[in-house]
Amino acid sequence: MNPLWTIARKELADGLRNRWLLAISLLFALLAVGIAWFGAAAAGQVGFTSIPATVASLTSLATFLMPLIALLLAYDAIVGEEEGGTLMLLLTYPLSRGQLLLGKFVGHGLILALATLLGFGAAALAIAALVPDIELPLLLWAFGRFMLSSTLLGWAFLAMAYALSSRVGEKSTAAGLALGLWFFFVLVFDLALLAILVLGQGRLSPELLPWLLLFNPTDIYRLINLSGFEASAGTGVMNLGQDLPVSGAALWLALALWTLAALALAYWLFRRRPA
């Protein structure tokens, strides 16, 4: 059997045994259904509103949850094996470091993809079954794009977690850095961009600022899901995305490149790590 797939099956089995897949799927399903029916409760409206409003709310939710879950799932992928004394044993097998890293990525990636499909897919089925006169083609298109882009976002942060895990020597350090990485990309980056936008008026080229969004995978993710809906106008730094002269396909490519670049960095760091 291919050693890469052997490692992937082992990680997937661990995720099933530790209830990761079940817990993430239930979390996604409950939050998605809750947002679909109670997302407008603050405005005094209870019940399903519209597909664009639901996808916009789910995108905001997944921007916070998906990176955090991915980082928690894989922050100890390498350093945890070393602390447990199994990394040296694994490397004595006819298994390259690249195969070990890719096998772990495939296993964890399958856990995230299945959880996303089961959790958010259940919400889409509930909407299709319970909301009368729903536009099924629009629902399938919107949720399909949302689930695929959410999976890609999770994979990007999985790869970043491997890079952290390959660099540090202790699990506690990896956990702290993973939380710092989440804090930077999800919260700090956009605040810093807003500060640049406000303080740099007249000194920075307005054509340059929208391109800065591509340096954050969570912003690319939001641009993918908020585009195509006239009712989903961006707020804050997302308004800059309206001036970004790239196609939707280029945004998908940029998100995929984040995953590939982070995975390449993780491989480079892992190769330099002493056995």
- Item | Ring geometry between F105 and Y162 (parallel below 30°, tilted from 30 to 60°, perpendicular above 60°) | perpendicular
- Note, Y93 side chain near Q99 side chain (heavy atom, < 4.5 Å): no
- In terms of hydrophobic clustering (I, L, V, M, F, W, Y; side-chain heavy atoms under 4.5 Å; direct or indirect links), are Y75 and L269 co-clustered? no
- Task: Check S165 against A77 and note the closest heavy-atom contact, atom names and distance.
- Result: OG-N, 3.4 Å
- Task: List the steps, then state whether side-chain contact (heavy atoms from CB on, under 4.5 Å) holds for W141 with E135.
- Result: CA-CA 10 Å; W141 172 77; E135 297 181 61; over 6 Å; no
- What one should report as the nearest heavy-atom pair of G107 and E11 is CA-CB, 4.0 Å
- Message: Determine whether L214 and I220 satisfy the following criterion, side-chain contact (heavy atoms from CB on, under 4.5 Å), listing intermediate values before the conclusion.
- Response: CA-CA 6 Å; L214 299 181; I220 300 172; 4.0 Å; yes
- Message: Assess the residue pair L31 and L65 against the criterion (side-chain contact (heavy atoms from CB on, under 4.5 Å)); give the C-alpha distance rounded to whole Å, side-chain angles, the decisive distance to 0.1 Å, and a yes or no.
- Response: CA-CA 11 Å; L31 290 177; L65 275 184; 3.4 Å; yes
- Query: Same cluster or not: are L193 and F215 linked, directly or through other Ile, Leu, Val, Met, Phe, Trp or Tyr residues, by side-chain heavy atoms under 4.5 angstrom apart?
  - Reply: yes
- Which atom of F157 lies closest to which atom of L71, heavy atoms considered: O-CD2, 3.6 Å
- Note on the structure: Residues A174 and V168: closest non-hydrogen pair is CB-CG2, 3.6 Å
- Note on the structure: So CD1 of I51 and CG of L139: to nearest 0.5 Å the spacing works out to 4.5 Å
- Message: Are W155 and L263 packed together at the side-chain level, in the sense that at least one heavy-atom pair is separated by less than 4.5 angstrom?
- Response: no
- Between atom CG of D14 and atom CG of L21, what is the distance when rounded to the nearest 0.5 Å? 12.5 Å
- Task: To the nearest 0.5 Å, tell me how far R97 CZ sits from R272 CZ.
- Result: 11.5 Å
- Message: Do L68 and L179 have side chains that approach each other closer than 4.5 Å (heavy atoms only, starting at C-beta)?
- Response: yes
- Cluster question for you: counting only ILVMFWY and a side-chain heavy-atom cut-off of under 4.5 Å, with indirect links fine, are L255 and W211 together? yes
- Task: Indicate yes or no: at least one non-hydrogen side-chain atom of L117 is less than 4.5 angstrom from one of T151.
- Result: no
- Of all the heavy-atom pairs spanning A266 and A159, show the shortest one and how long it is. CB-O, 4.0 Å
- Query: When hydrophobic residues are tied together by side-chain contacts of less than 4.5 Å, even through go-betweens, does V188 share a cluster with L153?
  - Reply: yes
- Please walk me through it: do M160 and W182 pass side-chain contact (heavy atoms from CB on, under 4.5 Å)? CA-CA 10 Å; M160 293 185 209; W182 176 85; over 6 Å; no
- Query: Under 6.0 Å from the CZ atom of R19, do we count more than 12 heavy atoms belonging to anything else shown?
  - Reply: no
- Drop me the distance from L125's CG to L118's CG, to the nearest 0.5 angstrom. 10.5 Å
- Side-chain contact test, heavy atoms from C-beta onward, threshold under 4.5 Å: evaluate it for I224 versus T59 and give yes or no. no
- Go through W258 and F185 one step at a time and tell me if the ring-ring contact (aromatic ring centres under 6.0 Å, His included) criterion holds. CA-CA 13 Å; W258 263 97; F185 280 114; 5.6 Å; yes
- Message: How close do D190 and D219 get, counting heavy atoms only, and between which atoms?
- Response: OD1-OD2, 2.7 Å
- Query: Going by heavy atoms in the side chains, are L95 and I7 under 4.5 Å from each other?
  - Reply: yes
- Does the pair E81/R273 count as a salt bridge with the N-to-O cut at 4.0 Å? no
- Query: Under 4.5 Å between side-chain heavy atoms, hopping through other hydrophobics if needed: is there a path connecting L114 to L16?
  - Reply: yes
- So how far is it from L158 CG to L112 CG, rounded to the nearest 0.5 Å? 5.0 Å
- Message: Could you check whether any side-chain N or O of R222 sits under 3.5 Å from a backbone N or O of T63, counting only pairs where one atom can act as donor and the other as acceptor?
- Response: no
- Item | Polar side-chain atom of S25 near backbone of L22 as donor-acceptor pair, under 3.5 Å | no
- Is there side-chain contact between W268 and S166, with heavy atoms separated by less than 4.5 Å? no
- Query: Parallel, tilted or perpendicular: which fits the ring planes of F146 and Y221, with parallel below 30° and perpendicular above 60°?
  - Reply: tilted
- d(D76 CG, E82 CD) to nearest 0.5 Å is 12.5 Å
- Message: With heavy-atom distances below 4.5 Å as the criterion, would you say the side chains of I127 and F143 are in contact?
- Response: yes
